[in-house]
There are 2 protein chains.
Amino acid sequence: MALTIGQVADAADVNIQTIRYYERRGLFPTPRRTPAGYRLYADDAVARLRFIKHAQELGFSLREIQELLGLRVRHGAACDAGERKTRQKIEVVQQRIRDLQRMRRTLDRLAAACTARRPTDDCPILEVLEDHDDISH
Amino acid sequence: MALTIGQVADAADVNIQTIRYYERRGLFPTPRRTPAGYRLYADDAVARLRFIKHAQELGFSLREIQELLGLRVRHGAACDAGERKTRQKIEVVQQRIRDLQRMRRTLDRLAAACTARRPTDDCPILEVLEDHDDISH
DNA sequence: CTTGACCATATACCTTGGTATAAGGTCAAT
DNA sequence: ATTGACCTTATACCAAGGTATATGGTCAAG
């Protein structure tokens, strides 16, 4: 049930150094240690690493991922603040989904034009993602 | 109709150096020049820069963006190859959308639990993005 | 009781994606 | 014909996100 850093690294397919780096950065809680000083992890550490890797692929920075990981439900006033932050994150994610859907539609059109053998030598990919420039950020 | 590098940079809100950097990297075609050697751009250069910036926010590397920008419809055999690449990109984008939707659902549940004042002190954000690990890449 | 595979810390290095700076040419306006 | 705001190339530097390496301790197996 308790994993060494090497076992966690293997399971999540990341470099050992990366885990220690995340610990230093504050993305990973400081784990308990054996008497000899070896780090010991529960297996949710593997899930945490996989979450981080996925979120990175989706364009989130380590700082943003840290915020995402910090979101959880609390009592009272802390709850309101947490809910506000969560709703902000939902907005960000929602916008990112819309952008990707737009890109997907353009790629669809591109593939369709191709099967129809209608050569379009200007760059149609550029049609995508052209508005909402001023609202995002 | 012809823009200097500074005008393009202003319009797209990027650093001038970034445009020259993209040119070196091959993301930007080498522009025509004035007799004095000044770069001259058509205004689609601005669209191209905006596309690059958006795609970066969506988690694409410059190398991937270069491939996206290289996709276009051609005649004959080149068309088939282009179509295959386009369909691959669509798969990547589609998977990314699914991942984000999953993250969104988790954030939704988190926000809902909070309004209902049901404190959940384990980290619920981790529920997200947990399967399909072995199929992606 | 030693060998090999682990673990620890500390420090140096690498890649990606830029940004800044130095040294100088161009050009429109005064 | 000079000033200021542009442009050129070349080179150096920077931040983020790791990765490698040096030096040494731990531990189970033979």
Side-chain angles (χ1 to χ4, degrees), chain A residues 1-43 45-46 48-70 92 137, chain B residues 1-43 45-46 48-70 92 137:
Chain A
M1 217 61 298
L3 303 169
T4 65
I5 194 170
Q7 291 169 328
V8 173
D10 275 5
D13 196 29
V14 302
N15 193 300
I16 286 185
Q17 309 285 4
T18 302
I19 299 177
R20 296 201 263 250
Y21 173 67
Y22 288 167
E23 188 181 322
R24 260 179 280 133
R25 291 267 320 224
L27 271 97
F28 242 72
T30 61
R32 63 197 181 82
R33 303 276 189 139
T34 67
Y38 286 26
R39 287 169 178 81
L40 284 181
Y41 298 93
D43 40 1
V46 178
R48 200 178 178 89
L49 281 173
R50 289 213 252 256
F51 175 83
I52 294 172
K53 288 214 306 177
H54 276 296
Q56 279 186 306
E57 286 170 19
L58 297 175
F60 294 95
S61 68
L62 289 186
R63 175 172 299 277
E64 289 172 308
I65 294 167
Q66 196 167 353
E67 286 171 33
L68 285 169
L69 286 167
V92 171
H137 317 325
Chain B
M1 216 61 297
L3 304 170
T4 66
I5 194 169
Q7 291 169 326
V8 174
D10 275 6
D13 196 29
V14 302
N15 194 301
I16 287 185
Q17 309 285 3
T18 302
I19 299 177
R20 296 203 264 249
Y21 173 67
Y22 288 167
E23 189 180 322
R24 259 179 281 132
R25 291 268 318 225
L27 272 96
F28 244 71
T30 59
R32 63 198 181 85
R33 304 276 189 139
T34 67
Y38 286 26
R39 287 170 180 80
L40 284 181
Y41 297 93
D43 38 1
V46 178
R48 200 177 177 90
L49 281 173
R50 287 213 253 257
F51 175 83
I52 293 171
K53 288 214 305 178
H54 275 297
Q56 279 187 304
E57 285 170 20
L58 297 177
F60 294 95
S61 67
L62 289 187
R63 174 171 300 276
E64 290 173 308
I65 294 167
Q66 194 167 353
E67 287 172 32
L68 285 170
L69 286 167
V92 171
H137 316 326

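Labels below follow one simple rule: chain letters A, B, ... track the order of the sequence lines, proteins then strands, and each chain is numbered from 1.
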OP1, OP2 of C:dT9 versus side-chain N and O of A:Arg39: anything below 4.0 Å?
yes
Could you work out which one of D:dG18, C:dG18, D:dT8 sits closest to the side chain of A:Tyr22?
D:dG18
Less than 6.0 angstrom from the centroid, inside 45 degrees of the normal: does B:Arg48 satisfy that with respect to the ring of B:Phe28?
yes
Send over the distance from A:Phe28 CZ to D:dG17 C1', rounded to a whole Å.
16 Å
Tell me: CD1 of B:Ile5 to P of C:dT26, nearest whole Å?
17 Å
Every protein N/O lying under 3.5 Å from an N/O of nucleotides 14-16 of chain C:
none

Sort out for me which residue in B:Leu58, B:Ile65, B:Asp13 forms a side chain to side chain contact (heavy atoms under 4.5 Å, CB included) with B:Lys53.
B:Asp13
A:Ile16 versus A:Ala9, closest heavy-atom pair with distance
CG1-CB, 3.8 Å
Contacts of A:Val14 and A:Ala36 projected onto DNA chain D by closest heavy atom; the upstream (5') one is A:Val14
Specify the separation, in whole Å, of atom CG of B:Leu40 and atom C1' of D:dC6.
13 Å
With a non-hydrogen cut-off below 4.0 angstrom, is B:Thr34 in contact with a base, only sugar-phosphate, or nothing?
nothing
From the list C:dC7, C:dG18, C:dT19, which nucleotide is the closest neighbour of the side chain of A:Ile16?
C:dC7
If you draw a 6.0 Å radius around CZ in B:Arg63, do more than 12 non-hydrogen atoms from other residues or ligands fall strictly inside?
no
Return the value, rounded to whole Å, for the distance between atom CD of A:Gln66 and atom P of D:dG18.
13 Å
For A:Pro35 and for A:Arg24, locate the closest nucleotide of DNA chain D by heavy-atom distance; then report the residue assigned to the nucleotide nearer the 5' terminus.
A:Arg24
Have a look at B:Arg33 and say if it touches a base, only the backbone sugar-phosphate, or nothing, with a 4.0 Å heavy-atom cut-off.
sugar-phosphate
Check whether A:Arg50 reaches the backbone of A:Ala11 with its side chain - one donor and one acceptor, N or O, closer than 3.5 Å.
yes
Tell me the interatomic distance from B:Ile19, atom CD1, to C:dG18, atom C1', rounded to whole angstroms.
13 Å
Check whether any side-chain heavy atom of B:Glu23 sits under 4.5 Å from a side-chain heavy atom of B:Arg39, and report yes or no.
yes
Spacing of A:Leu27 atom CG relative to D:dA16 atom P, expressed in whole Å:
13 Å
Is a donor-acceptor pair below 3.5 Å formed from side chain B:Gln17 to base C:dT21, judging by atom type as modelled?
yes
Output yes when a side-chain donor or acceptor of A:Glu57 lies under 3.5 Å from a complementary backbone atom of A:His54, and no otherwise.
no
Rounded to whole Å, how long is the line connecting atom CD1 of A:Ile52 with atom C1' of D:dG18?
13 Å
Would you please confirm or rule out a distance under 4.0 Å between OP1 or OP2 of C:dT19 and any side-chain N or O of B:Thr18?
yes
Candidate pair A:Ile52 and A:Val14, rule side-chain contact (heavy atoms from CB on, under 4.5 Å), full reasoning:
CA-CA 11 Å; A:Ile52 294 172; A:Val14 302; over 6 Å; no
Of B:Gln56 and B:Tyr38, whose closest DNA chain C nucleotide lies nearer the 5' terminus?
B:Gln56
Interatomic distance where CZ belongs to A:Arg20 and C1' belongs to D:dT21 [whole Å]
12 Å
